[in-house]
Amino acid sequence: MDSRNHLYLVDGSAYIFRAYHRLPPLTNPQGVPVGAVYGYTTMLWRLAEDLHKADGPTHLAVILDKSSITFRNALYDQYKANRPPPPEDLKPQFPLIRDATRAFSLACIEEEGLEADDLIASYARAATAQGWDVTIVSSDKDLMQLVGQCAQGGTGCVDMLDTMKNQRIGIPEVVEKFGVPPELVGDVLALMGDAVDNVPGIRGIGPKTATKLIVEHGGLEGALAAAPTMKAGKLRDSLIEQADMARLSRQLVALKEDCPLPVPLEDFSLGPIPPEPLAAFLSTHGFTSLLRKLGTPAPAAAAAPAGDSPAAGKAATPAPAESTRQPLPTWPAIDRDAYPCVQTLEALQEWIDRAFAARLVAIDTETSALDSMRADLVGVSLAVGAGQACYIPLGHRGTDMFSEVPRQIPREAALAALKPLLESAAVIKVGQNIKYDLTVLARHGIAVAPIDDTMVMSFCLDAGRSETGLAGHGMDELAGRHLQHTTMLFKDVCGSGKKQISFAEVPLPDATRYAAEDADVTWRLHQLFAPRLADEGGTRIYQRVDRPLVPVVAQMERHGIRVDREQLANLSTRFAAEITRLEAVIHEKAGGPFTIGSPKQLGDVLFDKLGYKGGKKGKSGQYSTDQSVLETLAGQGAEVATLVLEWRQLSKLKSTYTDALQAAINPDTGRVHTSYSLVGAQTGRLSSNDPNLQNIPIRTEIGREIREAFVAEPGHVLLSADYSQIELRLAAHIADVAPLREAFEQGEDIHARTARELFGEVNRDTRGRAKTINFAILYGISRWGLATRLGTTADEAQAMIDRYFERFPGIQRYIHETLESVRANGFSETLFGRKTWFPRINSGTQAERQGSERAAINAPIQGTSADIIKRAMARMLPALAEAGLPRVKMLLQVHDELVFELPEEDVAAASEVIRAVMAGAAAPSVQLTVPLGVEIGTGRSWGAAH
DNA sequence: GAGGTCACG
DNA sequence: GACGTACGTGACCTCT
């Protein structure tokens, strides 16, 4: 049995800098960046795996830098003075390195006033003196001085291990790098200096010359002494003039080998690594692959319905969200009356300190209105644990005109105190729809980061799962579903309708109960959702796509877009006159006045009073009068139908656009600020509201004029960049349809290509029909639906579908496999792992079931497209900044289009960046087999940019 | 609040 | 033979 001890000394600080730059910016389920920590953890794992091997470690310690000020600064005040501060998203990872080390039950050594290098040198010397072998896990060139070194009287040997290159560094490798043996490395370093550590060396001498001099003269002192005899020149002069700098440098690079050892060597002895603390750590940070390796039974990837083949006719409802995990943690029940109202700066500071200590705080802002761009801040609530919540009133008025303003911390003072917490990279701020709070606080100069959002987390876990509402991710609903708690409703404190009061008028005790409860609930929901995301495969989409998008979308909303009020007002006037004229004519033709806007009255007039044929009554017993019905009537010569269609178009444009948009202009900014919902569409798309800027007219000439009113600031232009045919491209990729893929690669007209495949010839008619069929495929096809659209019979439509499947066989396979998978698992998935649930996919009601099937076929395609543009949006601002284009503002997203506002002179450069980011947005996560085409246009108005 | 209609991708 | 007439949204209007 080999009894020789082998000590591994891990240079932890140096490692994480390297890991940070080499690994992608991962974040853990709490949103803390952990890319470097992950790299560090896998390295420790690999070292631990060598434990049982003959030449593996018997002892191991991780050595960290503690402070930046060391004895070397006393020698040379410029030492390491040039070093830039670590990146913001690396800072919060430093303390986690200790957590990781402790999780492996390994020793972690750091000492004030010493660099890790000195501790490593001292431990190495002490170990070799006792005959131990030492491996230094690092690739730091300063440490190469120690290689091979045996302490006097000792017999142990030192080598190094570069875990990233998986390379052992012994004496030969050092000689190869420096041209000298390890004991002369210090001399070479002293001559050449080190830009990173700001070791001066001798100006003009680099590694080559330094090595040459040291080899020729046997060492630094030899080289300096020989300088006067060298041939005259710059090198000779430098050596003579800067000899003192070289000697100083020699001292700086020398490693201190006699530091007192804070922990005796024997304490580094390795035993089996206890799995529990390690498992807890891996789970906290979502390192699921390592967790699996640990042998912990991995939780089910997703909650599948019990049994594979549900009884026919009986709805197989996938297990509800709350039953997929362990029972609720043992939290105290929510007690509204226990929350403190914070009214002094001292009390506030205590809460801020607690939040810093907890490193995660739930936050909620209370305001005077729903529009985050107009609302005034009324108060802030915080939660640092279950039941550990408070409310900080900031803008409350008296409850009526006779009462006093309640005691509050002055708003600016409170915000100044909160700002460091809200902006600290080391503390996660959790909110329920935190985009709202981000905007409100940004208007007070606070840039809240990093963040987590329980609403978005819920969406990534349970989109489509709610049987009831469409949204299903509101706080009140989540509290009921996951915490079995009925929250206090807004209308409970503010009332509703005419009697509704502003939150600023709510008495403090009520406001505290309501607001602090929201923060408490948010904190608890976060605790439930974070591990679920890791367990159920939601981490990827949440961390990589949706969470990074939150601040980006918040900023787009804050930018808003300029609209020309006068232009809209002119359109409104024009439309009004035309509507009035049409109204008179329609009433005349109808033989009397009626409300044209009432479908009921219109139906009665058309089909009963005027006696037109073809009226169909729906289940409400009312005639349908929609566009297609009116068009049919118009085709049969009913002039009144044509007039009503015109009237409808103008009414729509006026009320929904030209009137409403004028009212939507924010008086402070003079711009229109939409609000995007991050959980609005089950497929993962954004939706836009108040006002909806995703449905501004474009398809008709008259509607298009409204787009002209969206304009750029003087000296600027609007730039519109849209993905061309992205959903068809994705269908071609996902279903692996070779002819379609090929057509996209060749840049062909895709509908024309489809026409050629289906009909053998391409003309206006066949291309149009092919286009209809292509869309039908994306939407989940039915022969009746297609027949209606094509104006043909169901049989002919079916023949066309058969032909399509025959020419593009991948499509049929995609549909089949998608449906099988959704029936079995309850959800569909995008290429980036976004799930959409279909609780009615196995419904006994045919209409319900077929509806779910069509949606399920469409969801992976529409959803993947949404993922891609979201990734492009998250990358866009950094990419523009890096390209020196900080003035380019991203304003709007319309599903496959992004709208920017930028100075005219930036157009050419910005176009290239925008195109590159959008076209490359799937990579590297997904390698598409079709190119993503991006079309760009610019102009003074949105209309002109198309 | 529901239903009908229509604006967009 | 009935089912119901393509996927995903949000806003406005009328009527109950």
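Protein chains get the first letters and strands the later ones, always in sequence-line order, with residue 1 at the start of each.
- Evaluation of the ring-ring contact (aromatic ring centres under 6.0 Å, His included) rule for A:His559 yields no partner, not counting sequence neighbours.
- When heavy atoms are screened at a 4.0 angstrom cut-off, A:Ser782 is found touching no nucleic acid atom at all.
- Counting only heavy atoms from C-beta on, A:Ser624 has its side chain closest to B:dT5 among C:dG4, C:dA6, B:dT5.
- Within the nucleic acid shown, A:Asn692 comes within 4.0 Å of sugar-phosphate atoms alone, with no base atom in reach, counting heavy atoms only.
- Within 4.0 Å of A:Glu727, counting heavy atoms only, lies no atom of the nucleic acid at all.
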What does the 5'-to-3' dot-bracket notation of DNA chain C look like when only Watson-Crick and G-U wobble pairs under 3.5 Å count, and pairs to other strands show as |?
......|||||||||.
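- Between A:Ser598 and C:dC15 there is a side-chain polar atom (N or O) within less than 4.0 angstrom of OP1 or OP2.
- Backbone-only contact: A:Asp690 has heavy atoms under 4.0 Å from sugar-phosphate atoms and none from a base.
- No contact: A:Ser677 has no heavy atom under 4.0 Å from any strand.
- For A:Arg789 against C:dA6, a side-chain N or O and a base N or O form a donor-acceptor pair under 3.5 Å.
- One finds a side-chain N or O of A:Arg699 lying less than 4.0 angstrom from the OP1 or OP2 phosphate oxygen of B:dG9.
- No engagement by A:Ala859 is indicated, since no non-hydrogen atom pair under 4.0 Å with the nucleic acid exists.
- Contacts of A:Arg648 classified as salt bridge (charged side-chain N to carboxylate O under 4.0 Å, His left out), with partners at least two apart in sequence or in another chain: none.
- Counting non-hydrogen atoms under 4.0 angstrom, A:Ile696 reaches the backbone sugars and phosphates but no base.
- Of the candidates C:dT9, C:dA11, C:dG4, the closest approach to any side-chain atom of A:Lys652 belongs to C:dA11.
- Within the nucleic acid shown, A:Glu897 has no heavy atom closer than 4.0 Å to any nucleic acid atom.
- At a threshold of 4.0 angstrom between heavy atoms, the contacts of A:Ala855 are confined to the sugar-phosphate backbone, with no base atom among them.
- In this structure, A:Phe607 has its ring center closer than 6.0 angstrom to the ring center of A:Tyr623.
- Between the CZ atom in A:Arg807 and the CG atom in A:Leu758 there is a gap of 8.0 Å [rounded to 0.5 Å].
- At the heavy-atom level, A:Arg854 lies under 4.0 Å from the strands shown only through sugar-phosphate atoms.
- When heavy atoms are screened at a 4.0 angstrom cut-off, A:Thr772 is found touching base atoms of the nucleic acid.
- When the side-chain nitrogen and oxygen atoms of A:Gln893 are compared with OP1 and OP2 of B:dG9, none of them lie within a distance under 4.0 Å.
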Which side-chain N or O atoms in residues 792-799 of chain A pair as donor and acceptor under 3.5 Å with protein atoms at least two apart or in another chain?
| unit_1 | atom_1 | unit_2 | atom_2 | d |
| --- | --- | --- | --- | --- |
| A:Thr792 | OG1 | A:Glu796 | OE1 | 3.0 |
| A:Thr793 | OG1 | A:Glu796 | N | 3.1 |
| A:Gln798 | OE1 | A:Arg783 | NE | 3.2 |
| A:Gln798 | NE2 | A:Asp802 | OD1 | 3.0 |

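- At the heavy-atom level, A:Ile777 lies nowhere under 4.0 Å from the strands shown.
- The list of ring-ring contact (aromatic ring centres under 6.0 Å, His included) pairs with a residue in residues 784-805 of chain A, not counting sequence neighbours, reads A:Tyr804-A:Phe808.
- Scanning for salt bridge (charged side-chain N to carboxylate O under 4.0 Å, His left out) contacts around A:Arg574 gives A:Glu705, with sequence neighbours left out.
- Centre separation under 5.5 Å together with a plane angle under 30° holds for the ring of A:Tyr779 and the six-membered base ring of C:dC7, marking them as stacked.
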